[in-house]
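Throughout, protein chains are lettered first and strands after them, A, B, ... in sequence-line order, and every chain is numbered starting at 1. As the structure is a prediction and not an experimental result, all values here were calculated from the model. Atoms considered below: every heavy atom in the structure, side chains included; atoms not considered: hydrogens, waters and symmetry mates.
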Protein chains: 2
Amino acid sequence: MVDVKSGVNPLFLREEELRQGIELLFYAYRDFTSDPDAILAQHGYGRAHHRALHFIGRNPGISVAELLAILRITKQSLSRVLSQLVTEGYVIQKQGTRDRRQRHLFLTEKGVELERQVSEPQRARVARAYREAGAEAVEGYRKVLLGLVNEEDRPAVLRSIKRR
Amino acid sequence: MVDVKSGVNPLFLREEELRQGIELLFYAYRDFTSDPDAILAQHGYGRAHHRALHFIGRNPGISVAELLAILRITKQSLSRVLSQLVTEGYVIQKQGTRDRRQRHLFLTEKGVELERQVSEPQRARVARAYREAGAEAVEGYRKVLLGLVNEEDRPAVLRSIKRR
DNA sequence: ATTTTACGTCAACCATGTTGACATATATCG
DNA sequence: CGATATATGTCAACATGGTTGACGTAAAAT
(Lines give C-alpha, C1' and ligand atoms only; values in the text may rest on other atoms or scores of the structure.)
Protein backbone atom coordinates (compact mmCIF):
# COMPACT_ATOMS: atom_id res chain seq x y z
CA MET A 1 0.00 0.00 0.00
CA VAL A 2 2.10 2.85 -1.19
CA ASP A 3 0.52 6.23 -0.76
CA VAL A 4 1.33 7.94 -4.04
CA LYS A 5 -0.71 11.06 -3.60
CA SER A 6 0.80 12.32 -0.39
CA GLY A 7 4.24 12.08 -1.98
CA VAL A 8 5.98 9.90 0.53
CA ASN A 9 8.01 8.44 -2.27
CA PRO A 10 11.45 9.87 -1.59
CA LEU A 11 12.55 9.52 -5.20
CA PHE A 12 9.62 11.55 -6.37
CA LEU A 13 10.30 14.29 -3.88
CA ARG A 14 13.90 14.38 -4.87
CA GLU A 15 13.04 14.76 -8.54
CA GLU A 16 10.73 17.64 -7.74
CA GLU A 17 13.37 19.29 -5.60
CA LEU A 18 15.89 19.03 -8.38
CA ARG A 19 13.55 20.52 -10.95
CA GLN A 20 12.91 23.43 -8.64
CA GLY A 21 16.62 24.00 -8.29
CA ILE A 22 16.98 23.96 -12.07
CA GLU A 23 14.16 26.43 -12.61
CA LEU A 24 15.40 28.80 -9.95
CA LEU A 25 18.74 28.92 -11.68
CA PHE A 26 17.03 29.71 -14.96
CA TYR A 27 14.90 32.49 -13.49
CA ALA A 28 17.76 34.03 -11.55
CA TYR A 29 20.05 34.02 -14.55
CA ARG A 30 17.33 35.45 -16.75
CA ASP A 31 16.90 38.52 -14.57
CA PHE A 32 20.55 38.71 -13.58
CA THR A 33 21.57 39.27 -17.20
CA SER A 34 18.78 41.65 -18.07
CA ASP A 35 20.26 44.77 -16.42
CA PRO A 36 23.63 44.78 -18.17
CA ASP A 37 22.03 43.84 -21.47
CA ALA A 38 19.91 46.98 -21.43
CA ILE A 39 22.84 49.30 -20.70
CA LEU A 40 25.15 47.61 -23.16
CA ALA A 41 22.59 47.94 -25.92
CA GLN A 42 22.85 51.73 -25.57
CA HIS A 43 26.56 51.46 -26.33
CA GLY A 44 25.97 49.16 -29.27
CA TYR A 45 27.42 46.23 -27.40
CA GLY A 46 26.08 42.90 -26.27
CA ARG A 47 26.44 40.35 -23.55
CA ALA A 48 29.62 38.98 -25.08
CA HIS A 49 31.31 42.34 -24.67
CA HIS A 50 30.31 42.47 -21.05
CA ARG A 51 31.78 39.08 -20.34
CA ALA A 52 35.07 40.05 -21.94
CA LEU A 53 35.17 43.35 -20.06
CA HIS A 54 34.38 41.64 -16.81
CA PHE A 55 37.01 38.94 -16.98
CA ILE A 56 39.71 41.23 -18.31
CA GLY A 57 38.89 43.66 -15.53
CA ARG A 58 39.08 40.95 -12.94
CA ASN A 59 42.25 39.45 -14.36
CA PRO A 60 44.44 42.28 -15.66
CA GLY A 61 47.07 40.94 -18.00
CA ILE A 62 45.14 37.78 -18.78
CA SER A 63 46.24 36.10 -21.99
CA VAL A 64 43.92 35.42 -24.88
CA ALA A 65 44.14 31.68 -24.32
CA GLU A 66 43.24 32.04 -20.66
CA LEU A 67 40.27 34.19 -21.49
CA LEU A 68 39.10 31.66 -24.06
CA ALA A 69 39.32 28.92 -21.47
CA ILE A 70 37.09 30.86 -19.11
CA LEU A 71 34.50 31.85 -21.68
CA ARG A 72 34.55 28.52 -23.49
CA ILE A 73 34.12 30.02 -26.92
CA THR A 74 36.27 29.89 -30.02
CA LYS A 75 38.97 32.41 -30.69
CA GLN A 76 37.13 33.57 -33.80
CA SER A 77 34.12 34.39 -31.70
CA LEU A 78 36.14 36.20 -29.08
CA SER A 79 38.11 38.00 -31.74
CA ARG A 80 34.99 39.74 -32.96
CA VAL A 81 34.17 41.41 -29.68
CA LEU A 82 37.76 41.86 -28.58
CA SER A 83 38.85 43.69 -31.70
CA GLN A 84 35.90 46.04 -31.31
CA LEU A 85 36.80 46.73 -27.72
CA VAL A 86 40.43 47.36 -28.66
CA THR A 87 39.57 49.55 -31.64
CA GLU A 88 37.24 51.64 -29.56
CA GLY A 89 39.72 52.10 -26.77
CA TYR A 90 38.26 49.98 -23.97
CA VAL A 91 40.94 47.29 -23.98
CA ILE A 92 44.63 47.30 -24.74
CA GLN A 93 46.87 44.41 -25.64
CA LYS A 94 50.46 44.20 -24.51
CA GLN A 95 52.91 41.75 -25.95
CA GLY A 96 54.27 39.36 -23.34
CA THR A 97 57.85 39.84 -22.24
CA ARG A 98 58.60 36.31 -21.15
CA ASP A 99 56.66 34.81 -24.04
CA ARG A 100 56.32 37.35 -26.78
CA ARG A 101 53.68 35.34 -28.61
CA GLN A 102 51.21 36.12 -25.90
CA ARG A 103 48.97 39.16 -25.82
CA HIS A 104 48.16 40.34 -22.34
CA LEU A 105 44.83 42.11 -22.05
CA PHE A 106 44.07 45.14 -19.90
CA LEU A 107 41.16 47.50 -19.53
CA THR A 108 41.90 51.13 -20.27
CA GLU A 109 40.54 53.75 -17.92
CA LYS A 110 37.62 54.07 -20.29
CA GLY A 111 37.19 50.31 -20.16
CA VAL A 112 37.18 50.25 -16.37
CA GLU A 113 34.54 52.92 -16.35
CA LEU A 114 32.31 51.15 -18.85
CA GLU A 115 32.65 47.89 -16.99
CA ARG A 116 31.69 49.51 -13.72
CA GLN A 117 28.73 51.24 -15.25
CA VAL A 118 27.44 48.09 -16.89
CA SER A 119 27.91 45.85 -13.88
CA GLU A 120 26.60 48.33 -11.35
CA PRO A 121 22.96 47.19 -11.43
CA GLN A 122 24.14 43.61 -11.42
CA ARG A 123 26.19 44.15 -8.29
CA ALA A 124 23.24 45.97 -6.74
CA ARG A 125 21.02 43.01 -7.51
CA VAL A 126 23.41 40.55 -5.90
CA ALA A 127 23.89 42.87 -2.93
CA ARG A 128 20.16 43.06 -2.40
CA ALA A 129 19.76 39.30 -2.64
CA TYR A 130 22.65 38.74 -0.23
CA ARG A 131 21.26 41.24 2.24
CA GLU A 132 17.80 39.72 2.14
CA ALA A 133 19.01 36.15 2.43
CA GLY A 134 21.65 36.57 5.11
CA ALA A 135 25.24 35.45 5.49
CA GLU A 136 24.47 31.81 6.08
CA ALA A 137 22.34 31.57 2.95
CA VAL A 138 25.11 33.24 0.96
CA GLU A 139 27.50 30.55 2.10
CA GLY A 140 25.07 27.90 0.86
CA TYR A 141 24.58 29.71 -2.43
CA ARG A 142 28.32 29.74 -3.04
CA LYS A 143 28.74 26.14 -2.05
CA VAL A 144 26.02 24.83 -4.34
CA LEU A 145 27.06 26.97 -7.30
CA LEU A 146 30.61 25.76 -7.02
CA GLY A 147 29.27 22.22 -6.86
CA LEU A 148 27.46 22.80 -10.16
CA VAL A 149 30.75 23.48 -11.89
CA ASN A 150 32.50 20.57 -13.57
CA GLU A 151 34.60 18.88 -10.94
CA GLU A 152 37.82 19.24 -12.91
CA ASP A 153 37.24 22.96 -13.37
CA ARG A 154 36.63 23.82 -9.73
CA PRO A 155 40.24 24.52 -8.84
CA ALA A 156 40.46 26.99 -11.72
CA VAL A 157 37.20 28.62 -10.67
CA LEU A 158 38.37 28.92 -7.09
CA ARG A 159 41.61 30.45 -8.20
CA SER A 160 39.75 32.81 -10.50
CA ILE A 161 37.24 34.10 -7.98
CA LYS A 162 39.75 34.40 -5.16
CA ARG A 163 42.34 36.30 -7.16
CA ARG A 164 42.88 39.83 -5.81
CA MET B 1 46.07 55.31 9.39
CA VAL B 2 43.92 53.18 7.22
CA ASP B 3 45.36 49.82 6.42
CA VAL B 4 44.59 49.41 2.75
CA LYS B 5 46.52 46.26 2.06
CA SER B 6 44.95 44.01 4.63
CA GLY B 7 41.53 44.89 3.28
CA VAL B 8 39.82 46.14 6.38
CA ASN B 9 37.76 48.50 4.27
CA PRO B 10 34.31 46.92 4.51
CA LEU B 11 33.15 48.48 1.25
CA PHE B 12 36.04 46.95 -0.59
CA LEU B 13 35.37 43.55 0.87
CA ARG B 14 31.74 43.83 -0.05
CA GLU B 15 32.55 44.68 -3.65
CA GLU B 16 34.87 41.72 -3.87
CA GLU B 17 32.27 39.44 -2.36
CA LEU B 18 29.70 40.59 -4.87
CA ARG B 19 32.01 40.02 -7.81
CA GLN B 20 32.67 36.52 -6.59
CA GLY B 21 28.96 35.85 -6.39
CA ILE B 22 28.56 37.11 -9.94
CA GLU B 23 31.35 34.96 -11.30
CA LEU B 24 30.15 31.87 -9.53
CA LEU B 25 26.79 32.30 -11.18
CA PHE B 26 28.47 32.63 -14.56
CA TYR B 27 30.60 29.53 -14.09
CA ALA B 28 27.76 27.44 -12.73
CA TYR B 29 25.42 28.43 -15.53
CA ARG B 30 28.11 27.81 -18.12
CA ASP B 31 28.57 24.20 -17.08
CA PHE B 32 24.93 23.69 -16.17
CA THR B 33 23.84 24.34 -19.75
CA SER B 34 26.62 22.38 -21.38
CA ASP B 35 25.15 18.90 -20.79
CA PRO B 36 21.76 19.42 -22.44
CA ASP B 37 23.33 21.37 -25.27
CA ALA B 38 25.43 18.40 -26.27
CA ILE B 39 22.50 15.96 -26.30
CA LEU B 40 20.15 18.36 -28.05
CA ALA B 41 22.67 18.92 -30.80
CA GLN B 42 22.36 15.23 -31.70
CA HIS B 43 18.65 15.73 -32.26
CA GLY B 44 19.19 18.86 -34.32
CA TYR B 45 17.78 21.02 -31.59
CA GLY B 46 19.19 23.82 -29.47
CA ARG B 47 18.89 25.34 -26.07
CA ALA B 48 15.70 27.13 -26.99
CA HIS B 49 13.99 23.82 -27.66
CA HIS B 50 15.04 22.53 -24.30
CA ARG B 51 13.60 25.51 -22.50
CA ALA B 52 10.29 25.12 -24.28
CA LEU B 53 10.19 21.39 -23.59
CA HIS B 54 11.06 21.94 -19.96
CA PHE B 55 8.44 24.55 -19.21
CA ILE B 56 5.70 22.82 -21.17
CA GLY B 57 6.55 19.61 -19.36
CA ARG B 58 6.41 21.34 -16.02
CA ASN B 59 3.21 23.21 -16.81
CA PRO B 60 1.02 20.97 -18.92
CA GLY B 61 -1.63 23.00 -20.67
CA ILE B 62 0.30 26.26 -20.39
CA SER B 63 -0.85 28.88 -22.87
CA VAL B 64 1.44 30.48 -25.41
CA ALA B 65 1.25 33.82 -23.65
CA GLU B 66 2.19 32.28 -20.32
CA LEU B 67 5.15 30.51 -21.86
CA LEU B 68 6.29 33.74 -23.48
CA ALA B 69 6.13 35.49 -20.13
CA ILE B 70 8.37 32.88 -18.57
CA LEU B 71 10.91 32.77 -21.35
CA ARG B 72 10.85 36.51 -21.98
CA ILE B 73 11.25 36.21 -25.70
CA THR B 74 9.06 37.35 -28.57
CA LYS B 75 6.31 35.21 -29.98
CA GLN B 76 8.12 35.14 -33.33
CA SER B 77 11.14 33.67 -31.65
CA LEU B 78 9.16 31.10 -29.74
CA SER B 79 7.15 30.27 -32.83
CA ARG B 80 10.24 29.05 -34.56
CA VAL B 81 11.08 26.37 -32.05
CA LEU B 82 7.50 25.59 -31.10
CA SER B 83 6.35 24.87 -34.62
CA GLN B 84 9.27 22.53 -35.08
CA LEU B 85 8.42 20.69 -31.90
CA VAL B 86 4.78 20.44 -32.94
CA THR B 87 5.58 19.33 -36.49
CA GLU B 88 7.95 16.66 -35.24
CA GLY B 89 5.49 15.32 -32.71
CA TYR B 90 7.00 16.39 -29.40
CA VAL B 91 4.35 18.94 -28.48
CA ILE B 92 0.64 19.20 -29.13
CA GLN B 93 -1.59 22.24 -29.01
CA LYS B 94 -5.16 22.06 -27.81
CA GLN B 95 -7.62 24.84 -28.33
CA GLY B 96 -8.91 26.27 -25.08
CA THR B 97 -12.49 25.42 -24.12
CA ARG B 98 -13.21 28.42 -21.92
CA ASP B 99 -11.29 30.78 -24.18
CA ARG B 100 -11.02 29.30 -27.61
CA ARG B 101 -8.38 31.78 -28.72
CA GLN B 102 -5.87 30.14 -26.47
CA ARG B 103 -3.62 27.26 -27.43
CA HIS B 104 -2.78 24.99 -24.54
CA LEU B 105 0.52 23.22 -24.89
CA PHE B 106 1.30 19.66 -23.87
CA LEU B 107 4.19 17.29 -24.34
CA THR B 108 3.41 14.10 -26.21
CA GLU B 109 4.78 10.87 -24.86
CA LYS B 110 7.67 11.33 -27.25
CA GLY B 111 8.13 14.85 -25.90
CA VAL B 112 8.19 13.66 -22.32
CA GLU B 113 10.81 11.14 -23.21
CA LEU B 114 13.02 13.62 -25.02
CA GLU B 115 12.75 16.10 -22.19
CA ARG B 116 13.74 13.49 -19.66
CA GLN B 117 16.67 12.36 -21.71
CA VAL B 118 17.94 15.87 -22.25
CA SER B 119 17.54 17.02 -18.68
CA GLU B 120 18.88 13.86 -17.11
CA PRO B 121 22.51 14.96 -16.86
CA GLN B 122 21.33 18.35 -15.65
CA ARG B 123 19.35 16.78 -12.84
CA ALA B 124 22.31 14.57 -12.03
CA ARG B 125 24.52 17.62 -11.82
CA VAL B 126 22.16 19.41 -9.46
CA ALA B 127 21.72 16.25 -7.39
CA ARG B 128 25.45 15.92 -7.02
CA ALA B 129 25.86 19.56 -6.02
CA TYR B 130 23.01 19.27 -3.51
CA ARG B 131 24.44 16.12 -2.03
CA GLU B 132 27.87 17.59 -1.65
CA ALA B 133 26.67 20.88 -0.20
CA GLY B 134 24.07 19.58 2.24
CA ALA B 135 20.49 20.52 3.03
CA GLU B 136 21.28 23.77 4.75
CA ALA B 137 23.36 25.02 1.85
CA VAL B 138 20.57 24.09 -0.54
CA GLU B 139 18.21 26.25 1.44
CA GLY B 140 20.61 29.16 1.10
CA TYR B 141 21.06 28.53 -2.60
CA ARG B 142 17.31 28.69 -3.12
CA LYS B 143 16.91 31.78 -1.01
CA VAL B 144 19.60 33.76 -2.79
CA LEU B 145 18.51 32.70 -6.27
CA LEU B 146 14.97 33.74 -5.56
CA GLY B 147 16.31 37.04 -4.29
CA LEU B 148 18.08 37.58 -7.60
CA VAL B 149 14.77 37.48 -9.42
CA ASN B 150 13.01 40.79 -10.03
CA GLU B 151 10.96 41.51 -6.97
CA GLU B 152 7.71 41.82 -8.89
CA ASP B 153 8.26 38.44 -10.55
CA ARG B 154 8.93 36.45 -7.42
CA PRO B 155 5.33 35.48 -6.74
CA ALA B 156 5.07 34.09 -10.26
CA VAL B 157 8.32 32.21 -9.86
CA LEU B 158 7.21 30.76 -6.56
CA ARG B 159 3.94 29.67 -8.06
CA SER B 160 5.77 28.21 -11.02
CA ILE B 161 8.31 26.17 -9.11
CA LYS B 162 5.88 24.94 -6.49
CA ARG B 163 3.24 23.82 -8.96
CA ARG B 164 2.72 20.03 -8.84
C1' DA C 1 -21.14 46.67 -33.34
C1' DT C 2 -16.66 47.89 -32.11
C1' DT C 3 -12.58 47.14 -29.86
C1' DT C 4 -9.32 44.29 -27.69
C1' DT C 5 -6.94 40.03 -27.09
C1' DA C 6 -4.52 35.57 -28.31
C1' DC C 7 -2.21 33.68 -31.60
C1' DG C 8 0.10 32.99 -36.15
C1' DT C 9 3.03 34.34 -40.01
C1' DC C 10 6.17 36.69 -43.33
C1' DA C 11 10.33 39.20 -43.81
C1' DA C 12 14.50 41.45 -42.67
C1' DC C 13 18.04 42.01 -39.62
C1' DC C 14 21.45 41.39 -35.70
C1' DA C 15 24.46 39.18 -32.10
C1' DT C 16 27.04 35.54 -31.17
C1' DG C 17 28.14 31.07 -31.54
C1' DT C 18 30.31 27.32 -34.89
C1' DT C 19 33.82 24.95 -38.41
C1' DG C 20 37.61 25.04 -41.55
C1' DA C 21 41.60 26.86 -43.63
C1' DC C 22 45.62 29.39 -43.57
C1' DA C 23 49.43 32.89 -41.89
C1' DT C 24 52.88 34.76 -38.73
C1' DA C 25 55.85 35.09 -34.99
C1' DT C 26 57.98 32.88 -31.43
C1' DA C 27 59.19 29.13 -28.31
C1' DT C 28 60.79 24.55 -27.66
C1' DC C 29 62.88 20.23 -28.70
C1' DG C 30 65.98 16.90 -30.80
C1' DC D 1 70.63 24.59 -36.21
C1' DG D 2 66.45 22.84 -38.11
C1' DA D 3 62.02 20.92 -37.28
C1' DT D 4 58.00 21.15 -34.71
C1' DA D 5 54.70 23.01 -31.60
C1' DT D 6 52.26 26.96 -29.69
C1' DA D 7 49.85 31.64 -29.32
C1' DT D 8 47.53 34.55 -31.84
C1' DG D 9 45.13 36.61 -35.85
C1' DT D 10 42.23 36.53 -39.92
C1' DC D 11 39.06 35.28 -43.80
C1' DA D 12 34.90 33.04 -45.03
C1' DA D 13 30.68 30.51 -44.62
C1' DC D 14 27.13 29.06 -41.84
C1' DA D 15 23.67 28.08 -37.68
C1' DT D 16 20.95 29.46 -33.78
C1' DG D 17 18.13 32.24 -31.60
C1' DG D 18 17.16 36.68 -30.50
C1' DT D 19 14.92 41.38 -32.43
C1' DT D 20 11.44 44.74 -34.92
C1' DG D 21 7.66 45.70 -37.93
C1' DA D 22 3.63 44.68 -40.44
C1' DC D 23 -0.40 42.27 -41.18
C1' DG D 24 -4.24 38.62 -40.59
C1' DT D 25 -7.78 35.76 -38.20
C1' DA D 26 -10.71 34.20 -34.69
C1' DA D 27 -12.82 34.95 -30.54
C1' DA D 28 -13.72 37.52 -26.33
C1' DA D 29 -15.00 41.69 -24.05
C1' DT D 30 -17.07 46.15 -23.95
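In this structure, B/Leu68 places its CG atom 11 Å from P of D/dG18, rounding to the nearest Å. As a whole-Å value, the separation of A/Leu67 CG from D/dA7 P is 15 Å.
Ring pair A/His54/A/His50 is perpendicular by interplanar angle, where above 60° counts as perpendicular and below 30° as parallel. A/Tyr45 and A/Tyr90 have perpendicular rings, their planes meeting at more than 60° on a 0 to 90° scale where under 30° would count as parallel.
A salt bridge is defined here as a Lys NZ or Arg NE, NH1 or NH2 lying under 4.0 Å from an Asp or Glu carboxylate O, and A/Glu66 with A/Arg58 fails to meet this definition. Using a cut-off of 4.0 Å between Lys/Arg side-chain N and Asp/Glu carboxylate O, A/Arg19 and A/Glu15 are scored as salt-bridged.
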Problem set entry | Full working for ring-ring contact (aromatic ring centres under 6.0 Å, His included) between B/Phe26 and A/Phe55 | CA-CA 11 Å; B/Phe26 164 79; A/Phe55 284 106; 5.1 Å; yes
Problem set entry | Step-by-step side-chain hydrogen bond (donor to acceptor under 3.5 Å, both in side chains) determination, A/Gln20 to A/Glu16 | CA-CA 6 Å; A/Gln20 290 184 7; A/Glu16 170 59 21; 2.8 Å; yes
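When hydrophobic clusters are built by joining Ile, Leu, Val, Met, Phe, Trp and Tyr residues whose side-chain heavy atoms come closer than 4.5 Å, directly or via intermediates, B/Val81 is not grouped with B/Ile92.
Counting heavy-atom neighbours within 6.0 Å of B/Gln93 CD, excluding the residue itself, gives a total above 12. Counting heavy atoms of neighbouring residues, nucleotides and ligands inside a 6.0 Å radius, atom CD of A/Gln76 exceeds 12 of them.
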Enumerate all atom pairs, one protein N or O and one N or O from nucleotides 27-30 of chain D, separated by less than 3.5 Å.
{"from": "D/dA28", "atom 1": "OP1", "to": "B/Arg100", "atom 2": "N", "distance (Å)": "3.2"}
{"from": "D/dA28", "atom 1": "O4'", "to": "B/Arg101", "atom 2": "NE", "distance (Å)": "3.4"}

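Residues of residues 71-94 of chain A having a heavy atom closer than 4.0 Å to DNA chain C, listed by number: A/Arg72, A/Ile73, A/Thr74, A/Gln76, A/Ser77, A/Arg80. Within residues 39-54 of chain B, no residue has any heavy atom closer than 4.0 Å to DNA chain C.
With sequence neighbours left out, B/Lys75 forms a side chain to side chain contact (heavy atoms under 4.5 Å, CB included) with B/Leu68.
One end of the helix from C/dA1-D/dT30 to C/dG30-D/dC1 points its axis 30° away from the other end's axis, with each axis taken from 5 pairs and the angle rounded to 10°.
Between A/Tyr29 and B/Leu145, every side-chain heavy-atom pair lies at or beyond the 4.5 Å cut-off.
For residues 99-136 of chain A, the pairs satisfying ring pair (Phe, Tyr, Trp, His ring centres under 6.0 Å) are A/Tyr130-A/Tyr141, with sequence neighbours left out.
Checking each of A/Arg47, A/Arg125, A/Arg30, A/Arg123 against A/Asp35 for a salt bridge (Lys or Arg N to Asp or Glu O under 4.0 Å) leaves exactly one that passes, namely A/Arg125.
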